[in-house]
Amino acid sequence: MTDKPKAIVPLKTKKAAESASTRQDKSYQPQALEKKWQEKWEADKLYRAVIDNSKPKHYALTMLPYPSGDLHIGHWFSMIPPDTRARFMRMRGYNVMFPMGFDAFGLPAENAAIKDGIHPMKRTFQNIDRMRTQMKTMGAMFDWEREAISADPSYYKWTEWFFIQLYKAGLAYRKMSAVDWCPNCNTTLAREQVWGDDRHCERCGTPVIKKDLEQWFFKATKYADELLNFDGIDWPERVKTLQTNWIDRSEGASVIFKTEIGSHNVEIFTTRPDTLWGATFMVFSPEHPLVDEITTPENKAAVNEYKAQAARQTDIQRGAVDKEKTGVFTGAYAINPVNQARIPIWIADYVMMSYGTGAIMAVPAHDERDFAFARKYELPIIPVIQPEGQSEAPVLESAYVGPGIMINSGMLNGTKVNTEKGRKNPSIAAVLDWLTQQGIGKESVNYRYRDWLISRQRYWGAPIPMVHCEIHGWNPVPDDQLPVTLPEDVEWKPTGESPLKLHPTWKHTTCPVCNGPATRETDTMDTFMCSSWYHLRYLSPKYDKGPFDEAEYNYWMPVDTYTGGIEHATMHLLYTRFFHKALRDIGLTEGHEPMLQLRNQGMVLGEDGDKMSKSKGNVIAPDVLVNRYGADTVRAYILFFARWEMGAPWDSQGIEGSARWVRRVWTLFTDPTPPTTASEETKKNLRRKVHQTLKRVTRDFENFEFNTIVSSLMELMNEMYKAREAGAAGSDEWQEAQEIYLKMMAPVTPHIAEELWTNHLGKPYSIHQQGWPVVDEAATREDSIEIPVQINGKVRDKVIVPAEATEDEIKSAALASETVRKYLEGKEPRKVIVAKGRLVSIVL
RNA sequence: GCCGAAGUGGCGGAAUAGGCAGACGCGCACGACUCAAAAUCGUGUUCCCUACGGGAAUGAGGGUUCGAUUCCCUCCUUCGGCACCA
């Protein structure tokens with residue numbers, strides 16, 4: 001083992017390569033060392049998580065990847081910091097489960113199949129094998145025996161089963177509506193999957209169009225209020241805000257207006273019922289179902305022309321805020337229920353069918369849009385709120401949206417109006433009560449949030465397990481016929497219909513009710529359905545009596561820490577909360593939330609500061625880095641190079657610093673120990689630094705502050721080099737420093753820590769089964785401290801006092817200083833402030 | 001327009017509770033080792049000044065305070081989300 005290096009190498013003309021390799025025999029060789037330990041840990045099932053009631057459990061979950069085929073540096077950035085934390089929790093005595101799997105359904109594999117004919121199943125499972133191999137080089141503590149793959153029939157059987165449970169609970173329904181369609185992905189999308197000003201597809205960036213289709217939805221809106229409640233969960237404010245804005249609850253009233261002819265009830269939603277008396281016209285969305293019926297013959301032509309024009313426009317054109325308002329009169333009138341006023345009904349494209357009821361009451365005096373519209377078409381404007389202090393109704397230059405008192409509003413005249421929303425506004429509260437009492441309207445809450453559209457016209461997804469019969473309508477596939485599996489022989493054609501629909505036989509089946517001929521639903525489910533419950537499949541991925549084993553559920557759930565990208569704030573993270581609540585009501589899960597704590601990582605950008613992409617050629621391949629530096633160095637750099645929650649551009653030179661650190665640690669632990677000659681003070685200082693670092697590292701792990709963990713360890717290493725120089729090596733304090741150092745390092749760089757622990761310190765395998773060291777608070781305390789002395793806010797001197805010095809002692813020490821006396825010029829200071837243990841501030 | 005996050009050296013970033021701004025690292029400069037280079041080790045590295053010493057500085061301006069990167073107000077910039085939302 002400790003063979004003397006063959007010092008007498010004949011002549012160095014020999015070849016540089018050989019002398020280098022001789023040197024490497026005792027030097028740090030990460031590739032061999034990492035492979036050795038990874039194999040041993042796997043053979044020993046070191047990271048296998050099994051129920052153990054003697055320990056507190058910790059379920060650490062990180063978002064599962066899509067098997068794109070190659071591991072990306074972004075995967076390292078999202079997985080390694082949570083891995084180090086899971087390891088830390090394990091050393092702290094928790095029984096930790098840290099599972100991994102693949103979100104394996106989805107468009108890329110199917111699109112590739114259209115291009116080259118390779119079956120998505122084949123490609124996906126090949127990609128998974130490749131990525132799993134790559135992931136194993138990370139040295140992470142994934143429990144691979146809990147791996148779950150959403151495209152595996154043993155998994156999607158339960159995705160289908162869950163759909164049926166939701167259907168039976170009345171939470172899944174089929175409806176014809178205008179839905180968002182991505183012409184590139186050839187499928188419908190949920191509202192959450194349409195992004196940005198130009199309303200583009202979240203996946204491919206293509207602007208979406210509207211299509212009228214019959215689709216399956218989940219009744220997510222039933223949980224809107226509950227989803228706004230984040231009590232009891234520790235989630236970032238940012239995510240909570242995004243979800244809250246997405247759901248966008250607004251309080252107001254729904255009021256029924258009757259049409260003059262036909263006496264149709266037209267429901268409108270308003271957040272300003274206190275302005276009802278100022279409603280001088282109504283506006284319907286051009287798509288409103290009543291438009292055709294109420295339009296008078298002489299207005300038919302103009303209305304139809306306007307409708308056609310509106311239909312031609314894209315949502316983006318229609319949605320342009322600064323666009324001039326246009327509209328046409330239908331010839332019909334409605335009766336304002338509060339004052340029986342006869343008011344005209346117009347159609348205009350500034351009213352959207354997709355929000356509220358698609359019809360509004362227009363109050364031009366107190367709404368900017370209605371005001372602009374009324375001015376343009378010379379419609380009456382009646383003020384019903386008078387700014388306080390003004391005696392007359394104001395002449396309006398623009399809509400007045402401020403506070404005041406109600407006027408022109410019958411018996412409610414004089415009621416105060418403030419700028420609060422809902423019942424907090426006395427005028428709104430008064431009108432709500434009055435409306436209810438009169439039976440004209442009622443208090444009402446409206447949301448922007450829509451039900452979750454889950455139908456996708458694609459092949460590579462979990463089939464929607466529903467069967468349609470001419471006589472019995474839609475019925476779920478019986479449990480004993482699950483899973484409905486995907487046929488393997490399909491034609492890859494981008495037709496806009498699922499290949500399942502074009503398959504010659506697959507869709508033909510029998511009705512579960514009458515056994516007569518019936519057809520299967522040929523759409524598949526949104527892949528977000530699969531990822532809404534994967535955390536449950538990890539509990540027991542091979543279990544076949546249900547989606548999960550209850551014993552596992554009872555022990556491990558809920559998820560203690562969940563980590564992933566912020567981009568899922570209103571998609572996956574909202575879906576999975578909805579899903580959990582739905583399952584809870586069905587009686588399958590417990591508690592109100594699936595994930596107690598959430599933390600988001602930022603993004604690794606290319607070296608040019610742009611998003612990494614193959615087309616830009618700025619992609620950093622982790623495999624190359626692992627080959628060159630070893631996984632430990634890459635892990636350390638991943639932690640060190642950026643704030644985890646922020647992300648940053650990659651810096652290829654920066655990794656040299658982490659590589660240097662790892663090598664210097666290796667040298668520190670493997671170089672022969674010089675004789676121990678250090679003073680007591682040196683040893684005490686070393687011990688202090690060790691425990692101070694331990695305190696900080698412990699805190700940083702708790703707080704997900706990974707970058708400072710590595711810098712603290714670098715700092716301590718620098719101190720240890722100095723202590724060694726000062727003769728501390730070999731002392732008891734040195735021994736302790738080495739042990740604590742490796743334990744702190746173990747979560748970050750598990751391989752080198754294990755190697756040094758077992759083979760150089762001779763400690764029992766495995767370091768990863770050691771307890772986390774305990775901070776000796778007494779040891780962290782300084783004996784004496786240097787206290788800066790400020791004069792008029794500027795640091796002029798520093799005095800050294802014993803750590804336990806009283807305020808008075810510190811004060812006199814400061815006043816005794818030469819420099820201070822010079823500034824004082826014999827005068828008494830006006831004021832002396834002593835911040836104990838920190839600073840003295842003298843005011844002249 | 002509304003909501004949210006972030007602005008600190010050439011760069012990534014530090015800074016328990018309002019108390020020495022710039023830890024740690026990259027880069028750069030100089031030095032040692034080397035025939036030389038790489039690696040390694042050491043020293044220095046916010047800016048300005050007539051450099052012993054002093055002044056300025058955490059996006060800008062103001063406020064509170066003995067003292068502000070940190071608290072308050074106004075504004076600017078960047079990024080993200082929402083948006084004729086009734």
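Remember, predicted model here, so these are calculated numbers, not experimental data. Order of the sequence lines sets the chain letters (A, B, ...), proteins ahead of strands, with each chain counted from 1.
- In this structure, A:Arg699 atom CZ and B:A17 atom P are separated by 8 Å, rounded to whole Å.
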Restricting to nitrogen or oxygen on both sides, can you table the protein-nucleotides 1-5 of chain B pairs closer than 3.5 Å?
{"from": "B:C3", "atom 1": "O2'", "to": "A:Asn245", "atom 2": "ND2", "distance (Å)": "3.4"}

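- In this structure, A:His288 and A:Phe284 have tilted ring planes: the angle between them lies in the 30° to 60° band.
- Of the side-chain N and O atoms in A:Arg663, one or more sit less than 4.0 angstrom from OP1 or OP2 of B:U40.
- A:Arg696 has a side-chain polar atom (N or O) that falls below the 4.0 Å cut-off from OP1 or OP2 of B:A15.
- Phosphate proximity of B:G19 to A:Lys794: absent, as no side-chain N or O sits under 4.0 Å from OP1 or OP2.
- A 3.5 Å limit on both hydrogen-bonding distances identifies B:G42 as the Watson-Crick or G-U partner of B:C30.
- Taking the charged nitrogens against the carboxylate oxygens, A:Glu251 and A:Lys421 have no contact shorter than 4.0 Å, which rules out a salt bridge.
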For nucleotides 26-32 of chain B, tabulate all protein N/O to nucleotide N/O atom pairs closer than 3.5 Å, reporting atom names and distance.
{"from": "B:C26", "atom 1": "OP1", "to": "A:Arg660", "atom 2": "NH1", "distance (Å)": "2.3"}

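- Here the P atom of nucleotide B:C79 and the CZ atom of A:Arg643 are 18 Å apart, to the nearest Å.
- Figure legend. B:G80 is base-paired to B:C3; pairs are counted as Watson-Crick or G-U wobble with both atom distances under 3.5 Å.
- The main-chain N or O of A:Ser354 is found under 3.5 Å from a side-chain atom of A:Arg450 such that the two form a donor-acceptor pair.
- A salt bridge does not link A:Glu702 to A:Arg699: none of the charged nitrogens lies less than 4.0 Å from a carboxylate oxygen.
- Phosphate contact (OP1/OP2 of B:U16, side-chain N/O of A:Asn703, threshold under 4.0 Å): absent.
- Distance CD1 (A:Ile810) to P (B:C66): 20 Å, rounded to an integer number of Å.
- Under 4.0 angstrom from either OP1 or OP2 of B:C85 there lies at least one side-chain N or O belonging to A:Arg369.
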